[in-house]
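Everything below concerns the one structure shown next.
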Amino acid sequence: MSRKVTIGRCRIPEFLNARGWSQQDLVDRTGISKGTISAYCTEYRTRMHLLNAVLIADALGVEPRDLYEWVYVKAE
């Protein structure tokens, strides 16, 4: 039996809230543009470039895969 995985909700806002950070704090720590961070946080952009994922995860002290919820579906 195989499983299929899809991207769920972005967890960046959750991590920011837990640290008491704003999106601007993350911008300052990563050098990623405010518009890009905002797009991830509002789920306007659901796909994240790997380099951005690593920069954001490092700043938040998490692993890149932690930045999203992952939905596993049983493949038929």
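Index from 1, following the sequence.
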Given 3.5 Å as the limit, does a donor-acceptor pair link the side chain of [X] with the main chain of [Y], or not?
X: N17; Y: E14; value: no
X: S38; Y: K34; value: no
X: D58; Y: L55; value: no
X: R19; Y: L60; value: yes

| query | Does L67 reach the side chain of R11, with side-chain heavy atoms less than 4.5 Å apart? | reply | no
| query | Quick one: does I7's side chain get under 4.5 Å of R47's, heavy atoms only? | reply | yes
| field | Closest non-hydrogen atom pair, A59 against T30 | value | CB-CG2, 3.8 Å
| Nearest heavy-atom neighbours spanning M48 and A53 | SD-CA, 3.5 Å
Quick one: pull up [atom1] in [X] and [atom2] in [Y] and give me the separation to the nearest 0.5 Å.
X: L16; Y: I12; atom1: CG; atom2: CD1; result: 7.0 Å
X: F15; Y: L26; atom1: CZ; atom2: CG; result: 11.5 Å
X: I56; Y: C10; atom1: CD1; atom2: SG; result: 7.5 Å
X: T6; Y: Y72; atom1: OG1; atom2: OH; result: 10.0 Å
X: H49; Y: Y40; atom1: NE2; atom2: OH; result: 8.5 Å
X: I37; Y: D28; atom1: CD1; atom2: CG; result: 10.5 Å

| query | When Ile, Leu, Val, Met, Phe, Trp and Tyr are grouped by side-chain heavy atoms lying under 4.5 Å apart, directly or through other members, which residues fall in the same group as V71? | reply | V73
| request: Test R65 against W70 for side-chain contact (heavy atoms from CB on, under 4.5 Å), laying out the working first. | output: CA-CA 8 Å; R65 74 173 290 118; W70 298 95; 4.1 Å; yes
| said: Check this for me: Q24, atom CD, are more than 12 non-hydrogen atoms of other residues, nucleotides or ligands nearer than 6.0 Å? | reply: yes
